[in-house]
4 protein chains.
Amino acid sequence: MTEHVATLLVACPDRKGIVASLAQLLYGHGANILDSDQHSDTIAGQFFQRIRFDLSSLMTDRHTLEVGIRAVGQRFAMDWRLSYGHRTKRVAVFASKQEHCLYDLLVRHRAGELPCEMAMVVSNHRDAEPIAQHFGVPFHHLPVTPETRPQQEAAAIELLERERVDLIVLARYMQILSPDFVARFPSRIINIHHSFLPAFVGANPYRQAFTRGVKLIGATSHYVTSELDQGPIIEQGVIGCSHRDAVEDLVRKGRDVEKRVLAAAVRWHLEDRILVYAGKTVVFD
Amino acid sequence: MTEHVATLLVACPDRKGIVASLAQLLYGHGANILDSDQHSDTIAGQFFQRIRFDLSSLMTDRHTLEVGIRAVGQRFAMDWRLSYGHRTKRVAVFASKQEHCLYDLLVRHRAGELPCEMAMVVSNHRDAEPIAQHFGVPFHHLPVTPETRPQQEAAAIELLERERVDLIVLARYMQILSPDFVARFPSRIINIHHSFLPAFVGANPYRQAFTRGVKLIGATSHYVTSELDQGPIIEQGVIGCSHRDAVEDLVRKGRDVEKRVLAAAVRWHLEDRILVYAGKTVVFD
Amino acid sequence: MTEHVATLLVACPDRKGIVASLAQLLYGHGANILDSDQHSDTIAGQFFQRIRFDLSSLMTDRHTLEVGIRAVGQRFAMDWRLSYGHRTKRVAVFASKQEHCLYDLLVRHRAGELPCEMAMVVSNHRDAEPIAQHFGVPFHHLPVTPETRPQQEAAAIELLERERVDLIVLARYMQILSPDFVARFPSRIINIHHSFLPAFVGANPYRQAFTRGVKLIGATSHYVTSELDQGPIIEQGVIGCSHRDAVEDLVRKGRDVEKRVLAAAVRWHLEDRILVYAGKTVVFD
Amino acid sequence: MTEHVATLLVACPDRKGIVASLAQLLYGHGANILDSDQHSDTIAGQFFQRIRFDLSSLMTDRHTLEVGIRAVGQRFAMDWRLSYGHRTKRVAVFASKQEHCLYDLLVRHRAGELPCEMAMVVSNHRDAEPIAQHFGVPFHHLPVTPETRPQQEAAAIELLERERVDLIVLARYMQILSPDFVARFPSRIINIHHSFLPAFVGANPYRQAFTRGVKLIGATSHYVTSELDQGPIIEQGVIGCSHRDAVEDLVRKGRDVEKRVLAAAVRWHLEDRILVYAGKTVVFD
């Protein structure tokens, strides 16, 4: 159904004629625009667009179309990215001991909510192995200590590249990735942080929230950058809490938010809805 | 700032080339697209688009542009509507004894949230008069009894037409308008119903909600049609409730939702964000 | 940890002295009140209370304490129910083809969120069997046709009684239970309906919601009574939607609400937080 | 209706017998408990309770009852506070140029949502004067510069004491109060901060939020202490936002949250529902 559909994501300095040029180009090749969303950041003078179009009655071919897009792209100094629906993205889920986000992603995938292939589950513990097996996803045990981190990351990179993984999802993976690892997958690692950032950066955010006496707790999904918890935010959610909630209640309540917020980010990434600009995201939802 | 901005709303059968034709047309006239949002109802085979564009460097003139739009409109069998930013819509607020929605709209207008002129407050009671005065809005007292309804509505229509009112907002106006009155202002009367429709149609929805023992109460803003509470829904909101809430607590909690949901609908209408189709709304937000 | 904790739920006509009598009684036996919540329905003249207390320094014994409660209960014409923390409730989950609520409950149970024993998964299809197995829960396949319903329900009842099941959770179980079956488990069957009741009773609520053009969809957990979708509501939730959402998007979004709303109801039931009165619930949360 | 109702708020080290002693005491004097809510902070070993009771069939008198409460209070080392329903609290609203919270409080008061007397509106600008007048509330203009702050605060204190003001509400009052001023009204000054604390402390939180690219903005009502934005949080709320929202959209959206969150805090304070402990609040809602 989505096999003949392509998605074009574009970012460039804002100028007249961008929308018309792209629309004209696609129309000229026989591509039918199904959906189009755009955004102008008038302060930064930046233009963003997402176009989904149907290729089934293309009058030329994909290569010719790409040549045309490249030409328009050069004219407007565009950053652009074209994804084809027949090329399903491959996802690696990294997990540690906490299982709720891992289960949530795998159940959603099985229900058809996440348009991807689950390429692998990676964990520094063996606990997740039967879960991966139950869902028929390959499991890789990559234990890690502070000393072995470089080797473990090298092994992970080898695995990710061999399996052509497009997206890494940190599903409450409790290890900090090295800047080198992160730099290899720019805007391709999604993490879930269990607070509404920028509040409660770092360790034990639920305990921090308890100590401060907040009346809402939250979770934030974001792309991972080399600075801890500072990457571009994709989605955030909250849930109310009260004096009755001990830290463990916050943890329980927070799990529901974490699952929802992480799954939304993953789905949007897989559907090519996210552009990163100036440390922030444009999400065409 | 928005004086040179125009908004085009379009609905038509879905076909290839619509987006390209409109983009090309606007570009050809020197209009710069600021914002564009579209939607295809693939089941109904219907296409909808909202385009905001800047006229300040128009190379032709408005009349010529409109001729061009008309031509494209005919080719694609479009329903279309063009609004100019320099032409602020004029609003009449109808109220009865309950003041919260009336105050809310007037305070928001004063804060610049609602891009309109407040042409008048109309009420079947005198209570709202000092409120209208405080905000500098003309007040019209149009009392009504079951017997005098035709005359009262005739007086209202005369007033609305004389003052070139574009939008009528029923801010908890407790009178039912006749089908004739409603037919004169299609998709131009917005009502707030104090339940999440289609639950609790008709009178005393908070009492109905209390009796049923729901755990959420809500409010619905919708365009008024001749069938009570059946018009196209524009926005809905809810708030949690519990066994602790007596009917009067539901009334109090509900007021907050009513205000928010009504104000959102009014703002979207004023910004030409709403299209009505098949008894439903497309809201380009 | 909760082994020495008991929970007393009380409902009776409202009178002076109820709170003092119960507090005095428990204190007199050496039971320490950990938590107490009460509610007076002043219109119905009805009083409700939930008291959690610690038995670890009980100066008498449980039997003597119960005799004391019975005496107070008679004096005030109380309906009362006493649960001991060491007696974990046993739950049967009924499922059909849809898996999301089933998975959700089993993952939550595994994470320690639901204080119960998962006694069995019952389904009219075999699909849920590997899921039950993965979580180590006994699975019972009870296929059903309109003709075999009486026998299937008889088999279910036999099973439920043999396994001393306290609570039946219909996790999107797509069979309607007979009045006889329902009557056997009063306020002990929890269902999830995929709309915010009383809107969209009956079949295909997401399609009904789509057709009406609502801007919120919801889910409702309730005790099952003999009237379809009319039982006492325990919890409700909603999520926003728009013209962009096709029926299948509503189904996907709704799943998240269903899971959350059903799990909350089950947890509250297991923690003895719910009293049913006049077709409604008092939930001490 | 609430004239014969009293509310007792209690905080003390947690011990056996507190609930029973208070219930017994009230019962012994003929006071009928209408409502009771309690909380034990098991980590801090602290007990909190709120009891609302009806005095209309008191067998002794208020003085005798207070003597009894004092005795129980001493036994359990209680901090306690007793409020009588016939003694309506007096409120001063401090505002600057932003009007939305001021209007909101005055409209709610007029609708009967806030059980208090509006003793005065205080502002460092004249803009709020017609608003206060419209609602029939005395207005005091107390302009301030960095140099005149001590005198201005002294004038304010004199006014507040003369008018026996119980609660000061900072309705987007843009002046920082001196530690001396704050110390005079412990847990009696409520502020609204326009972010979900602890995120975005200090000036221009909406701009900070825009720069960080959050997907939720919020507001926090809290008691004012000498440390800026560090006081005990009473209530928080959020609203979603996206890349489409410029700073002024965040400001507009945020106003709705600010109003709701501030009004809730004020109402809870007026209804004696809030206890402050360890820099946090217990809110018996």
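Labels below follow one simple rule: chain letters A, B, ... track the order of the sequence lines, proteins then strands, and each chain is numbered from 1.
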**Request:** Please determine, by modelled atom types, if D:Ser36 and D:Gln49 share a side-chain donor-acceptor pair under 3.5 angstrom.
**Result:** yes

**Request:** Answer yes or no: does atom CZ of D:Arg212 have more than 12 heavy-atom neighbours from other residues, nucleotides or ligands under 6.0 Å?
**Result:** yes

**Asked** Which of the residues D:Leu197, D:Thr42, D:Val238 is involved in the greatest number of heavy-atom pairs with chain A at under 4.5 angstrom?
**Response** D:Val238

**Complete:** Of the listed A:Gly240, A:Ala246, A:Gly213, the one with the largest count of heavy-atom pairs under 4.5 Å with chain D is A:Gly213

**Request:** Report yes if the distance between the aromatic ring centroids of A:Tyr277 and D:His243 is under 6.0 Å, otherwise no.
**Result:** no

**Prompt:** Has D:Arg244 got more than 12 heavy atoms of other residues, nucleotides or ligands less than 6.0 Å from its CZ?
**Reply:** yes

**Request:** Identify which of D:Asp41, D:Asp37, D:Val201, D:Ile43 forms the greatest number of heavy-atom pairs closer than 4.5 Å to chain A.
**Result:** D:Asp37

**Fill in**
Whatever's closer than 4.5 Å to a heavy atom in chain D on A:Ser40 counts as neither

**Complete:** When the 4.5 angstrom heavy-atom criterion is applied to D:Thr220 and chain A, the contacting part is neither

**Request:** Find out whether the Lys NZ or Arg CZ of A:Lys215 is both under 6.0 angstrom from the six-membered ring centre of D:Phe196 and within 45° of the ring's axis.
**Result:** no

